[in-house]
Structure formats: C-alpha cells, structure tokens
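These notes concern the structure reproduced below.
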Amino acid sequence: MQMDASSFADYIVKINAYGANVDEYGIIKGADSAAAKEIASQIESYLQMRNDTWMTEYMPEEHPKMQAASYVTVGNYVMYAVLDDDVKKTAFDTFESCLKDG
C-alpha cells in the first residue's frame, strides 16, 4: 500500500489473494484525530493510485468496484473498502455502529 504502518496505532487489512475478485478492506487506527486525518489522506492516495494503474483488460467486471472504492472515518479510525456496493454499505454501517455505540 506504500503507507508507513509505523504511524498506525493499530490496523488490519484484508486482501483477496486468491480468486477472481479484487475485494479488499482495511481498518486503521490513528493515535489521535490528526493522525486519522493523515491516514484518510494516505488511503485516498492509495485508492487513487489503484484506479490510475488499473489495466482495463484485467478483470473488467471488477473495475466498477475499484472505481467505487471509498473510506469512512469515525473518531481515530479509518475504514476503506473495495467491495460490492451492498457489502460495502453493510461493512461501513457495522463499522460506524460499533464505534459510535462503543
């Protein structure tokens, strides 16, 4: 991802290394709100780089998923997702609910 994980308080990233899709998501915790803003900026750059370097002949059916990739920030946490829209919505809703309720 070309991100310096040493600046993260904690993180998990899941990437589909097998199969025929580009599913990917990550949850990254910053030390504080300023760190979370920087993480969000890095994620935005990462997702842009993935779109900019997409090979159109490589799994064209997955390209809309990559184009719609996005992230949300809740407190010191940032979650990004490259998932089908319905799965991404459920993941983001659950992420937000857990952090807002906790």
Closest non-hydrogen atom pair, A35 against G30: CB-CA, 3.9 Å
Spacing of CE belonging to M66 relative to CE belonging to M59, to within rounding of 0.5 Å: 11.0 Å
Shortest non-hydrogen separation from Y77 to I27 and the atoms involved: CD2-CG2, 4.1 Å
Shortest non-hydrogen separation from A31 to N76 and the atoms involved: O-ND2, 3.7 Å
Check: M49 and L47 side chains under 4.5 Å, non-hydrogen atoms: no
Under the side chain to side chain contact (heavy atoms under 4.5 Å, CB included) test, residues paired with T94 that sit two or more places apart: T90, C98
Side chain to side chain donor-acceptor pair (under 3.5 Å) pairs, two or more places apart, involving residues 53-62: E62-K65
Partners passing side-chain hydrogen bond (donor to acceptor under 3.5 Å, both in side chains) against N51 (at least two apart in sequence or in another chain): none
Results of side chain to side chain contact (heavy atoms under 4.5 Å, CB included) for S70 - residues two or more places apart only: K88, F92
Distance-only donor-acceptor check, side chains E44 and Q48, under 3.5 Å: no
Over all atoms of both residues, closest heavy-atom pair of T73 and A40: OG1-CB, 4.0 Å
Verdict with supporting geometry, I28 and I43, side-chain contact (heavy atoms from CB on, under 4.5 Å): CA-CA 10 Å; I28 304 170; I43 288 172; 3.9 Å; yes
Any pair counted as side chain to side chain donor-acceptor pair (under 3.5 Å), so long as it reaches residues 25-34, sequence neighbours left out: none
Please list, one pair per line, the donor and acceptor atoms closer than 3.5 Å that link side chains of residues 80-87 to other protein atoms, with sequence neighbours excluded.
{"unit_1": "Y80", "atom_1": "OH", "unit_2": "E24", "atom_2": "OE2", "d": "2.6"}

Counterpart residues, salt bridge (Lys or Arg N to Asp or Glu O under 4.0 Å), relative to K37 (two or more places apart): none
Taking every non-hydrogen atom, the tightest pair across A91 and M79: CB-CE, 3.7 Å
Results of side chain to side chain contact (heavy atoms under 4.5 Å, CB included) for A5 - residues two or more places apart only: F8, Y11
Any residue meeting side-chain hydrogen bond (donor to acceptor under 3.5 Å, both in side chains) with Q67, in chain and number order, not counting sequence neighbours: none
Student check: side-chain heavy atoms of V22 and N16 closer than 4.5 Å: no
